There are 2 protein chains.
Amino acid sequence: MQLSQAKQLVEASISRKDLCMVVGTCFVDYWGRAASKLPKGKRLLLIKGDNSFAVHQNRLLRPTNYMMNARINCELVGNNLVLSAKKTNPKEEIKTIFYSIDAVHSHEMGSSADLRLFGSERELSNELMQDLGFLEQGLRPLNQEEVLRKGLVDILAEDSFGRMVVIELKRRKADYNAVQQLKRYVDQVKKIKSKQTRGILIAPEIGRHSLELLERYGLEFYSLEFEIGNPKAKIKGIQKKQKTIDRYF
Amino acid sequence: MQLSQAKQLVEASISRKDLCMVVGTCFVDYWGRAASKLPKGKRLLLIKGDNSFAVHQNRLLRPTNYMMNARINCELVGNNLVLSAKKTNPKEEIKTIFYSIDAVHSHEMGSSADLRLFGSERELSNELMQDLGFLEQGLRPLNQEEVLRKGLVDILAEDSFGRMVVIELKRRKADYNAVQQLKRYVDQVKKIKSKQTRGILIAPEIGRHSLELLERYGLEFYSLEFEIGNPKAKIKGIQKKQKTIDRYF
DNA sequence: GCTGGGAGAGGCTTA
DNA sequence: TAAGCCTTTCCCAGC
């Protein structure tokens, strides 16, 4: 395919905010947050209507080079067609130098309705909040604006002995971060309220080392089974997966 | 375009491990680690030679739905062409139901040479390791296989007083995680070696709260300036951005 | 505009 | 395979 013809097709496609796909042999040079060079090879350049710019190889989900909200330029330089994407703050540039172009595909895509996702952490949190007794008898939620509003903790509650209970919910396997995040919150609540404060981590599972750390901190872990469905995620079961830690209180 | 014809093109493309692009109007249903429904609309389905499967809208870099190493199936169901991707462990499924197809593009992509990236954390770490005196006089690297090999710490060193020094390097702004990661490593090294151990965090910058936490832990922070170039990332300067904490030792 | 934090994170390396 | 960790993380929601 003629590079000059490709140039016209690409420019027209971009100006219409179509989905633009350029397939050809190119070299890619990136400089910005890091730097990279992608050797000459057959690639797909995907330019979307929001000026996102992505160079894909024929493997992996993620593009090898990419830029969001790019200023896109297309020009003939010598015997090559150079498609570049630039951005400031941080300053970044991708240059894709096409030696030959197999095809330029342009498609009008209309406006896109949004994805509706179920089973988010927020949704599970709301679900759990509905019935904390499910977790432990006598546990009741506290709507402490100053703590909850700033997203400091997922759920703040009080147990039957009047102790504060900070609950952190993770929809995926809990790791060190989850444990230490909970530790920080417990420490802060303890300090603000000047009351005994427990910390409960709830997740589908937890790594062995993370569990050890959690136990050293005197925190509690419950394993959560949840069910993903429509229109909501449902909590199926919850189980204490830990030796009792009442000795800490 | 005829759906039956599209089916043939897609199947042929997949069997050749070509890059396959399907543009058309579809509805997407996902169930697995979460659940989602993408309303009917014009989408791009990108199937790569490694069986990665991604549904793109005409915006954003990331696909709305995706699966790696999928078992891909293509069949006519009533008046629709259904392209689905399935996986076990965890069990997941994406169903894309095409009501109409604008185009199927297939391109032979050859094998792809790899991306060469500069300025990664690993590279900066190697660069810094070349001259630790740059950071502090008398500091020298220890190549403790048992500690370094498992990626426990970025750099392990010994200072002029014979104290162990754990160095954690971040190529981006350091956060709570970085501080607590360093804290964990320091604790572990201290335990293993039974020696006084310092912890140094090196990053371009650090948040105010993260710095406070770091200071409470008795750790040290150095701000790092680096320059990304070809063929290597270079460390330009390093500077202690903290009141001296010798009182801790 | 900058920032903190979640994500179906992705993807890599080593145990 | 599982665990840990880096990423040009991407992306959104809050300020």
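As the structure is a prediction and not an experimental result, all values here were calculated from the model. As a basis for the values below, the full set of heavy atoms in this structure was taken, side chains included, without hydrogen atoms, waters or symmetry mates. In what follows, chains are A, B, ... by sequence order, proteins preceding strands, each numbered from 1.
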(message) Measure CD/B/E121 against P/D/dT9 and give the value in whole Å, please.
(response) 11 Å

(message) So, applying side chain to side chain contact (heavy atoms under 4.5 Å, CB included) with B/S84, which one of B/M67, B/E93, B/E75 is it?
(response) B/E93

(request) Please work out if B/E168 contacts a base, only the sugar-phosphate, or nothing of the nucleic acid, heavy-atom cut-off 4.0 Å. (result) sugar-phosphate

(message) Heavy atoms from C-beta onward define the side chain here; which of C/dG6, C/dA9, D/dT8 lies closest to that of A/S36?
(response) D/dT8

(request) Grab the CG-P distance between A/D154 and C/dG6 for me, whole Å please. (result) 8 Å

(message) So, does A/R116 get its side chain near the phosphate of C/dG8, meaning an N or O under 4.0 Å from OP1 or OP2?
(response) no

(request) Whole angstrom is fine here: how far is it from CZ in A/R62 over to P in D/dC6? (result) 16 Å

(request) Determine the contact category for B/D175: base if any of its heavy atoms lies under 4.0 Å from a base atom, sugar-phosphate if only primed atoms, P, OP1 or OP2 are that close, otherwise nothing. (result) nothing

(message) Please give the distance between the P atoms of D/dC11 and C/dG11 as a whole number of Å.
(response) 14 Å

(message) For D/dC6 and B/Q181 - does any side-chain N or O of the residue sit under 4.0 Å from the phosphate oxygens OP1/OP2?
(response) yes

(message) Quick check: on DNA chain C, is the nucleotide nearest B/E205 upstream (toward 5') of the one nearest A/R59, or the reverse? Name the residue that is more 5'.
(response) B/E205

(request) When you get a sec, tell me which of D/dT7, C/dG8, D/dG4 is the closest nucleotide to the side chain of B/I94? (result) C/dG8

(request) Quick one: label A/M67 by what it contacts on the DNA or RNA (base, sugar-phosphate, nothing), any heavy atom closer than 4.0 Å. (result) nothing

(request) For A/Y176 and D/dG4, say yes or no: do the ring centres fall under 5.5 Å of each other while the ring planes differ by less than 30°? (result) no

(request) Would you mind classifying the nucleic acid contact of A/E92 as base, sugar-phosphate or nothing, using non-hydrogen atoms under 4.0 angstrom? (result) base

(request) Taking only the side-chain heavy atoms of B/Y66 (C-beta and beyond), determine which of D/dC10, C/dG6, C/dA9 contains the nearest atom. (result) C/dA9

(request) Under 4.0 Å between any heavy atoms, over every strand shown, what does A/R171 touch: base, sugar-phosphate, or nothing? Just pick one. (result) sugar-phosphate

(request) Answer yes or no: does a side-chain N or O of A/K170 lie under 4.0 Å from OP1 or OP2 of C/dG6? (result) yes

(request) Name the closest nucleotide to the B/K173 side chain, picking from D/dG4, D/dC10, C/dG4. (result) C/dG4

(message) Any base atoms under 4.0 Å from B/S52, or only sugar-phosphate, or nothing? Heavy atoms, all strands.
(response) nothing

(request) Please report the shortest heavy-atom distance between A/R172 and A/A203, naming the atom on each side. (result) O-CB, 3.6 Å

(request) Send over the distance from A/N65 CG to D/dC10 C1', rounded to a whole Å. (result) 15 Å

(message) On the nucleotide C/dT3, are OP1 or OP2 found under 4.0 Å from the side-chain N or O atoms that B/R172 carries?
(response) no

(message) Roughly how many Å apart are D/dC5 and C/dG8, using the P atom of each and rounding to a whole number?
(response) 23 Å

(message) By nearest heavy atom, map B/L117 and B/P63 onto DNA chain D; which one lands nearer the 5' end?
(response) B/L117

(message) Looking at A/D187 and A/K183, is any side-chain nitrogen of the basic one under 4.0 Å from a carboxylate oxygen of the acidic one?
(response) yes

(request) Using only side-chain N and O atoms of A/H209, determine if any of them is under 4.0 Å from OP1 or OP2 of D/dG4. (result) yes

(request) Side chain of B/L60 only, please: which of D/dC12, C/dG11, D/dT8 is the nearest? (result) D/dC12

(message) Applying a 4.0 Å non-hydrogen cut-off, can you work out what B/R208 is touching in the nucleic acid: base, sugar-phosphate, or nothing?
(response) nothing

(request) Examine C/dG4: is either OP1 or OP2 under 4.0 Å from a nitrogen or oxygen in the side chain of A/R184? Give yes or no. (result) no

(message) Please compare A/G119 and B/M68 by the position of their nearest nucleotide in DNA chain C and report the one closer to 5'.
(response) A/G119

(request) Take A/R171 and A/I228 through the test side chain to side chain contact (heavy atoms under 4.5 Å, CB included) and record every step on the way to the result. (result) CA-CA 11 Å; A/R171 66 176 310 290; A/I228 294 155; 4.2 Å; yes

(message) Given the structure, check if the side chain of A/N89 and the base of C/dG1 hold any donor-acceptor pair shorter than 3.5 Å.
(response) no

(request) Please report, rounded to the nearest Å, how far the P atom of D/dA3 is from the CD atom of A/E212. (result) 13 Å

(request) Give the intermediate values and the outcome of side chain to side chain contact (heavy atoms under 4.5 Å, CB included) for residues A/L169 and A/I202. (result) CA-CA 5 Å; A/L169 182 64; A/I202 300 176; 3.5 Å; yes

(request) Please report, rounded to the nearest Å, how far the P atom of C/dG4 is from the CG atom of B/L211. (result) 13 Å

(request) May I have the distance from B/I202 (atom CD1) to D/dC6 (atom C1'), rounded to whole angstrom? (result) 17 Å

(message) C/dG6, OP1 or OP2 - any side-chain N/O from A/N177 closer than 4.0 Å?
(response) no

(request) Compare every heavy atom of A/D114 with every heavy atom of B/P39, then report the nearest pair and how far apart it is. (result) CD-O, 3.2 Å

(message) Tell me whether the side-chain N/O atoms of B/R33 come closer than 4.0 Å to OP1 or OP2 in C/dG10.
(response) yes

(request) For residues A/M164 and A/L156, report the shortest heavy-atom separation together with the two atoms involved. (result) CE-CD2, 3.8 Å

(request) Whole angstrom is fine here: how far is it from CD in B/Q180 over to P in C/dG5? (result) 11 Å

(message) Evaluate A/H107 against B/M21 for side chain to side chain contact (heavy atoms under 4.5 Å, CB included), listing each step before the verdict.
(response) CA-CA 12 Å; A/H107 292 273; B/M21 295 168 272; over 6 Å; no

